[in-house]
**Q** 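This is the structure I want to talk about, given as structure tokens.
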Amino acid sequence: MQSVLAAITGLLALVGPTVSAGSGILALLAKVVPSLGSASAVGKAIEVLTTIVPAGIKLAQDEYPIIKAIIADLRGNGATTKEQMDTLDAFDAQCDKVFDVALAKAETEDKEPQ
Amino acid sequence: MNHVLRLAIAAVVASTLAACTRDTQLFLEGAHAVSTAEVSGTAIVVATRAFGGAELLAASYLNLRRCTQGTRPLCREASATPVIKGAVYSGRIARDELKAQLRAVCAAEYAVGAECTKGIPVASYNTLVRATKTLEDAMAAYRAATNQ
């Protein structure tokens, strides 16, 4: 099952989270997720899902139930590890920094007369 | 008589449409938020990473030039800045609360390198999910407004 997730990750890296790629990969992920048995496999599935979810603003509304079902399956799996939490902290810090720089630039520009 | 009948039909159609719109809205709002008392650590990881993705998208939007007559369509609306800022900041508070709660609840398991399956109270989780959705909706609206 890990190899299927690795293949999905590779595919995403190749085509990017476009609308059509996101749709197909969501369907595939929905089939794989119920069979995941380890925290590392769940972690990999989360990585794939969260690569697609930000592009979710472009997904059709009928794909929300698929995302919802995948999250429900992952939630049923339940387990987290300290490593996942540490990785998450690093990811969050990175996102916060990128956003703060962009926000400061935008706010400075917004104060200037047009 | 015909006039009265037409009015009655129009009233029924209008109320049906209103109900459909409300149902669709309720479904979408409920798509990610949950009504259970607790959520798992995995759900928190998923929601937190989704928020991070939305935060990065928002950053890429804020990095665009401010919209003026000459900069459309690749530009950002200045009015979006406070909306995005508010959603990101409220999401960060909820996210940090959730992670702190998860680490506290799972401290014993994490100390010995074990997996933790304990649940976390749902309040901050739903706040985080709502902040992510607010951010995504704002981004979609402002991107649509500038034809991106």
Side-chain angles (χ1 to χ4, degrees), chain A residues 17 36 38-40 42-43 45-47 49-58 61 63-68 70-89 91-112 114, chain B residues 24 27-28 30-32 34 39-69 76 78-82 84-85 88 92 95-96 99 102-103 106 109-111 113-119 132 136-137 139-140 143:
Chain A
L36 300 179
S38 68
S40 66
V42 170
I46 290 169
E47 271 179 40
L49 183 62
T50 52
T51 306
I52 297 168
V53 168
I57 53 173
K58 289 181 182 175
Q61 288 188 356
E63 281 159 346
Y64 278 105
I66 303 175
I67 295 174
K68 189 183 173 188
I70 293 171
I71 291 174
D73 282 334
L74 286 171
R75 187 179 296 133
N77 198 303
T80 52
T81 62
K82 186 177 180 300
E83 285 70 30
Q84 279 179 332
M85 293 306 294
D86 292 344
T87 306
L88 202 57
D89 282 343
F91 175 74
D92 291 343
Q94 192 184 4
C95 294
D96 287 354
K97 192 175 175 186
V98 170
F99 179 83
D100 286 340
V101 169
L103 177 65
K105 177 179 155 289
E107 285 186 325
T108 303
E109 190 181 39
D110 289 349
K111 285 174 190 162
E112 293 166 3
Q114 280 199 322
Chain B
T24 307
F27 168 76
L28 286 175
H32 299 290
V34 296
V39 287
S40 72
T42 300
I44 291 169
V45 173
V46 170
T48 302
R49 291 196 64 125
F51 173 74
E55 192 180 10
L56 287 178
L57 264 186
S60 71
Y61 180 77
L62 291 177
N63 272 322
L64 294 172
R65 286 174 298 168
R66 183 175 52 170
C67 291
T68 60
Q69 287 287 4
R76 63 176 179 83
S79 59
T81 310
I84 291 170
K85 182 181 180 180
V88 167
R92 280 183 187 178
R95 178 199 70 192
D96 292 344
K99 289 197 303 182
L102 189 61
R103 282 192 185 276
C106 295
E109 287 85 351
Y110 290 169
E115 294 181 6
C116 178
T117 56
K118 291 173 183 167
T132 305
E136 289 175 350
D137 287 349
M139 296 293 299
R143 279 175 183 264

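Naming convention: chains lettered A, B, ... in sequence-line order (proteins, then strands); numbering from 1 in each chain. Bear in mind the structure is a predicted one, so any value in this text is a computation, not a measurement.
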**Q** Which pair of non-hydrogen atoms, one from A:Asp96 and one from B:Glu55, has the smallest distance, and what is that distance?
**A** OD1-OE2, 2.7 Å

**Q** Might you point out which heavy atoms bring B:Thr42 and A:Thr80 nearest each other, and give the distance in Å?
**A** N-CG2, 3.4 Å

**Q** Quick one: are B:Phe51 and A:Asp92 in side-chain contact, heavy atoms under 4.5 Å?
**A**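 Sidechains of A:Asp92 and B:Phe51: no contact.
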
**Q** Using side-chain contact (heavy atoms from CB on, under 4.5 Å), reason through B:Arg49 and A:Leu88 one step at a time and then give a plain yes or no.
**A** CA-CA 7 Å; B:Arg49 291 196 64 125; A:Leu88 202 57; 3.2 Å; yes

**Q** Quick one: closest heavy-atom pair of B:Tyr110 and A:Thr81, and the distance?
**A**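 So the minimum-distance heavy-atom pair works out to CE2-C, 3.5 Å.
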
**Q** Identify the two heavy atoms, one from B:Gly52 and one from A:Cys95, that lie closest to each other, and give their separation to 0.1 Å.
**A**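 So the minimum-distance heavy-atom pair works out to O-SG, 3.5 Å.
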
**Q** Does any heavy atom of chain B fall under 4.5 Å from the side chain of A:Phe91, the backbone, both, or neither of them?
**A** side chain

**Q** Between A:Glu112, A:Met85, A:Gln94, A:Lys105, which residue shows the highest count of heavy-atom pairs closer than 4.5 Å to chain B?
**A** A:Met85

**Q** With a 4.5 angstrom heavy-atom cut-off, which part of B:Ala111 approaches chain A: side chain, backbone, both or neither?
**A** neither

**Q** I need the A:Lys82 NZ to B:Glu109 CD distance, nearest 0.5 Å.
**A**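 Those atoms lie 13.5 Å apart.
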
**Q** Between A:Asp100 and B:Arg92, what is the shortest heavy-atom contact and its length?
**A**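 Between these two residues, the closest heavy atoms are OD1-NH2, 3.0 Å.
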
**Q** Under a 4.5 Å cutoff for heavy-atom pairs, which residue among B:Thr81, B:Ile44, B:Asp96 has the most contacts with chain A?
**A**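 Max contact count across the listed options: B:Thr81.
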
**Q** How close do A:Asp89 and B:Lys99 get, heavy atom to heavy atom, and via which atoms?
**A**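 In this case the closest contact between A:Asp89 and B:Lys99 is OD1-NZ, 2.6 Å.
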
**Q** Find the one option among A:Glu83, A:Glu107, A:Gln84 whose heavy-atom pairs under 4.5 Å with chain B are most numerous.
**A**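 Heavy-atom pairs under 4.5 Å are most numerous for A:Glu107.
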
